[in-house]
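Labels below follow one simple rule: chain letters A, B, ... track the order of the sequence lines, proteins then strands, and each chain is numbered from 1.
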Amino acid sequence: MSLTVSPRGTYDIMPDQALAWQWMEINIREILVAYGYGEIRTPIFEHTELFLRGIGETTDIVEKEMYSFTDKGGRSLTLRPEGTAPVVRAYIQHKLHGQGGSTKLFYLGPMFRQERPQAGRFRQFHQFGVELIGEDSPVADAEVIVLAHELYRQLGLTGLEIYLNTVGCPVCRQEYKKALITSLKNSSDQLCPSCRLRLEKNPLRVLDCKEASCQALTAQAPSLHDFLCQDCRDHFQQVRKLLDQVQVKYKIQPKLVRGLDYYTRTVFEVINHDLGAQNAICGGGRYDGLVEECGGPSVPGVGFASGMERLFMTLEQKGLLPAFSRAPQVYIIPLSAELTTVSFEAAFILRQKGFKVELGYAPKSLKAQLKAANKSGAPLAVIIGEDEWQDRQVTIRQMYEGNQLRVDWADLAVQVAQLLPPAEQD
RNA sequence: GUGGAUGUAGCUCAGCUGGUUAGAGCGCCAGGUUGUGGCCCUGGAGGUCGAGGGUUCGAAUCCCUUCGUUCACCCCA
């Protein structure tokens, strides 16, 4: 353990990068709001029980990835590993179902999972996500998927692939599970060790295994699609039809199942194939039983979560992050200790007028301070020295051109405004 | 949790099969102007070679342990 490095799987977003993050967040919020979603900010920790119930006790997240602790009141609490369960909890707590109609909420913030870090995977990471609660129409599913698609497109991302599937409802899925178990049982010795366990606890997950031997077996196994009840079949057809209608391309992945137990019917992921092993930048689907499971009324829901680190990496990789500058507009240079007071006042005056000002603190040599001004990227330097101050004047130097002129102290702000290059005059 | 790669100055890295005071580029500081940046020149600061132990006359270099990073498995965003 070291006191001087951040804990495993965590990292600092430094000022230059923070500008890009802010840009990304602003864009996301704007688009989500335009689609009618309202932001909700839930606590970073919740009662552990919420995630046990919501995500499912046999999922990897709950079994081995949660940051849980007991507080001094003896409560078991957990740093949220995902955003849907907390939003659903808030939905129930504030009785939003009583407002009539459907509820559209979005969140954006850090999540916590104790996994082994690798490319695109962190222990504290950020997600934004939407939840559309109270609507069982396939239009809601399609709208949520299109929202994800459009959001990425508006950020400039193309070439992402949407994987789509349906996992049926509890009724038809139960039928399918039985059939799947029967099919795999005979040759279970050919399954990988973890899939043998899955066959007992969560058989659908076997479909998702990347082990060649398991894939060979599941290729022979019956398909969930053949077991769908009529309602689920129709629902899926409708979702597809709606996506086709607006020409949002997707790829049916019959074996796509997701790691959280609450999903029903529609599930989907958005993939960036250039991202390495952790290539899903968005995942979501329908969760018709979740609100009730968490102690609320029987209300359907659909939503997605998007990993912001992965989105950031994707934007960076494709050169879609704008260049940001933290350069000041004016750099103030005091040339003697006696003039620090005046310099301080100059910075104050200019900042009040709305200029971005950097102030030289110690009266070092002009050379050293001009060097600092140059490094700061400021287009203007204000030099305050004895010579000009005798006449109650200061020197303004245009750094790009190398020109400079003396102006009256009283005219400082006006002159600065005039001398700034056109791009800086907003 | 498992496996591979890796850990030398602020950054990017070089240091061959172990041999005396550990290097480069960039960056930083200072000087080359008595009040003028960017280019150039000169000088300087800065490293317990991730940590601990072992082998050896001698270890950045070999061995073990440990921690971190990274990639993959797993899982997921």
Side-chain angles (χ1 to χ4, degrees), chain A residues 1-11 55 59-65 80-84 107-129 148 192-195 197-198 202 205 208-211 214 256-260 267-272 275-284 303-314 331 333-336 339 360 363-389 394-404 406:
Chain A
M1 184 183 50
S2 173
L3 277 144
T4 50
V5 292
S6 69
R8 185 152 210 220
T10 68
Y11 65 101
I55 300 171
T59 56
D60 277 24
I61 294 179
V62 168
E63 277 184 338
K64 47 194 194 198
E65 295 173 6
R80 60 180 187 196
E82 58 103 48
T84 300
Y107 59 85
L108 186 160
M111 306 291 164
F112 307 85
R113 277 144 56 172
Q114 191 168 170
E115 297 183 85
R116 189 92 173 249
Q118 73 183 76
R121 190 166 77 184
F122 306 89
R123 290 186 167 185
Q124 173 172 336
F125 60 104
H126 299 79
Q127 287 185 330
F128 71 89
C192 71
S194 51
C195 276
L197 271 171
R198 287 178 183 138
N202 206 340
R205 296 222 56 82
D208 209 27
C209 186
K210 278 117 192 163
E211 207 69 43
C214 299
L256 173 65
V257 293
R258 299 186 44 75
L260 293 80
V267 294
F268 72 99
E269 287 182 359
V270 181
I271 307 294
N272 170 7
L275 218 47
Q278 309 301 319
N279 59 7
I281 67 173
C282 177
F304 68 72
S306 181
M308 297 182 63
E309 279 77 6
R310 292 182 193 176
L311 176 57
F312 192 92
M313 288 163 69
T314 302
Y331 193 100
I333 298 176
L335 283 188
S336 71
L339 292 170
K364 293 196 287 190
S365 74
L366 177 57
K367 185 185 173 111
Q369 294 197 79
L370 269 176
K371 211 168 172 180
N374 184 55
K375 205 171 63 172
S376 79
L380 295 184
V382 173
I383 300 166
I384 303 179
E386 300 294 350
D387 289 358
E388 42 271 83
W389 191 245
V394 299
T395 296
I396 301 180
R397 179 175 180 83
Q398 295 182 293
M399 297 299 287
Y400 299 146
E401 297 80 357
N403 303 330
Q404 59 189 45
R406 284 168 66 144

Checklist entry - For the side chain of A:Ala280, counting heavy atoms from C-beta on, which of B:A77, B:C73, B:G35 is nearest? => result B:A77

Checklist outcome for this item: On a heavy-atom basis, the closest approach of A:Glu82 and A:Gln127 is CA-OE1, 4.2 Å

Checklist entry - Which part of the nucleic acid, if any, lies within contact of A:Phe122, taking any heavy atom under 4.0 Å across all strands shown: a base, the sugar-phosphate backbone alone, or nothing? => result base

Checklist outcome for this item: Considering only heavy side-chain atoms of A:Lys375, the closest of B:C28, B:U70, B:G38 is B:C28

Next on the checklist: side-chain hydrogen bond (donor to acceptor under 3.5 Å, both in side chains) for A:Thr10 and A:Gln124? Distances and angles first, verdict last.
Outcome noted: CA-CA 6 Å; A:Thr10 68; A:Gln124 173 172 336; over 6 Å; no

Item to check | Distance between C1' atoms of B:G37 and B:U20 (Å, rounded) | outcome: 44 Å

Item to check | Length of the line joining A:Met399:CE and B:U36:C1', which is rounded to integer Å | outcome: 9 Å

Checklist entry - To the nearest angstrom, how far is A:Gln278 atom CD from B:C71 atom P? => result 10 Å

Item to check | B:C63 versus B:C71 - spacing of their P atoms, nearest Å | outcome: 26 Å

Next on the checklist: I'd like the P distance from B:U61 over to B:C49, given in whole Å.
Outcome noted: 9 Å

Checklist entry - When all nucleic acid strands are considered with a 4.0 Å heavy-atom cut-off, which category describes A:Tyr11: base, sugar-phosphate, or nothing? => result nothing

Next on the checklist: For a quick check of understanding: with a heavy-atom distance under 4.0 Å over all strands, which category does A:Ala119 fall into, base, sugar-phosphate or nothing?
Outcome noted: sugar-phosphate

Checklist entry - Side chain of A:Gln404, base of B:U36: donor and acceptor closer than 3.5 Å? => result yes

Next on the checklist: Under 4.0 Å, heavy atoms only, any strand: does A:Gly9 hit a base, just the sugar-phosphate, or nothing?
Outcome noted: sugar-phosphate

Checklist entry - Does any donor-acceptor pair link the side chain of A:Asn374 with the base of B:G38 at a separation under 3.5 Å? => result no

Next on the checklist: Taking B:G47 as the reference, what is the distance to B:A60 when you measure between their C1' atoms (whole Å, please)?
Outcome noted: 11 Å

Checklist entry - Looking only at atom C1', what distance separates B:C11 and B:C16, rounded to whole Å? => result 26 Å

Next on the checklist: Whole angstroms only, please: what is the CZ-P distance between A:Arg121 and B:U69?
Outcome noted: 13 Å

Next on the checklist: Ring-plane angle category for A:Phe304 and A:Phe128, please: parallel below 30°, perpendicular beyond 60°, tilted otherwise.
Outcome noted: perpendicular

Checklist entry - For B:U20, which nucleotide is its Watson-Crick or G-U wobble mate, given both distances must be under 3.5 Å? => result none

Checklist outcome for this item: Walking RNA chain B from its 5' end, the first of A:Leu366 and A:Phe125 to be reached, judged by nearest nucleotide, is A:Leu366

Checklist entry - Whole-Å distance between B:C76 P and A:Met111 CE? => result 16 Å

Item to check | Identified pairing partner of B:U70, criterion: Watson-Crick or G-U wobble below 3.5 Å | outcome: B:G4

Item to check | No-H, no-angle donor-acceptor pair, A:Arg116 side chain to B:C71 base, under 3.5 Å | outcome: no

Checklist entry - Under the side chain to side chain contact (heavy atoms under 4.5 Å, CB included) criterion, do A:Arg397 and A:Leu370 qualify, and how do the steps go? => result CA-CA 10 Å; A:Arg397 179 175 180 83; A:Leu370 269 176; 3.9 Å; yes

Checklist entry - Looking at CD of A:Gln369 and CD1 of A:Ile384, how far apart are the two atoms once the value is rounded to the nearest 0.5 Å? => result 10.0 Å

Checklist entry - Looking at B:A72, B:G38, B:G35, which one has an atom nearest to any side-chain atom of A:Glu388? => result B:G35

Checklist entry - For the side chain of A:Ala368, counting heavy atoms from C-beta on, which of B:C73, B:G35, B:A30 is nearest? => result B:A30

Checklist entry - Heavy atoms, side chains only, cut-off 4.5 Å: are A:Ser336 and A:Glu386 in contact? => result yes

Checklist entry - Under a 3.5 Å cut-off for both distances, is B:G47 Watson-Crick or wobble paired, and to whom? => result none

Checklist entry - Given B:C73, B:G35, B:A30, which nucleotide is nearest the side-chain atoms of A:Leu335? => result B:G35

Checklist outcome for this item: Closest of B:U36, B:G35, B:C76 to the A:Lys367 side chain is B:U36

Checklist entry - For RNA chain B, whose closest nucleotide is more 5', that of A:Arg310 or that of A:Ala372? => result A:Ala372

Next on the checklist: What is the separation between atom CG on A:Leu339 and atom P on B:G35, rounded to the nearest whole Å?
Outcome noted: 14 Å

Next on the checklist: I need the CG-C1' distance between A:Leu380 and B:G37, as an integer number of Å.
Outcome noted: 14 Å

Item to check | Minimum-distance nucleotide (side-chain atoms of A:Cys282 versus B:C28, B:A72, B:A77) | outcome: B:A77

Item to check | Minimum-distance nucleotide (side-chain atoms of A:Ile383 versus B:C74, B:G35, B:A72) | outcome: B:G35

Checklist entry - Can you check the A:Lys371 NZ to B:G31 P distance for me, whole Å? => result 9 Å

Item to check | Sugar-phosphate, base or nothing in reach of A:Gly129, heavy atoms under 4.0 Å | outcome: nothing

Next on the checklist: Is there, by distance only and without an angle test, a donor paired with an acceptor across the side chain of A:Arg8 and the base of B:G68 below 3.5 Å?
Outcome noted: no

Checklist entry - Under a 4.5 Å cut-off applied to non-hydrogen side-chain atoms, are A:Gln114 and A:Lys64 in contact? => result no

Checklist entry - Quantified in whole Å, what is the C1' atom distance between nucleotide B:U48 and nucleotide B:C26? => result 25 Å

Checklist entry - Taking the C1' atom of each, how far is B:G7 from B:A77, in whole Å? => result 29 Å

Checklist entry - Of the nucleotides B:C73, B:G35, B:U69, which has the atom closest to the A:Gln118 side chain? => result B:C73

Checklist entry - If the C1' atom of B:G50 is compared with that of B:C67, how far apart are they to the nearest Å? => result 8 Å

Checklist entry - Which whole-number value in Å describes the distance from A:Asp60 CG to B:U2 P? => result 16 Å

Next on the checklist: Give me the atom names and distance for the closest heavy-atom approach of A:Phe268 to A:Leu256.
Outcome noted: CA-CD2, 4.0 Å

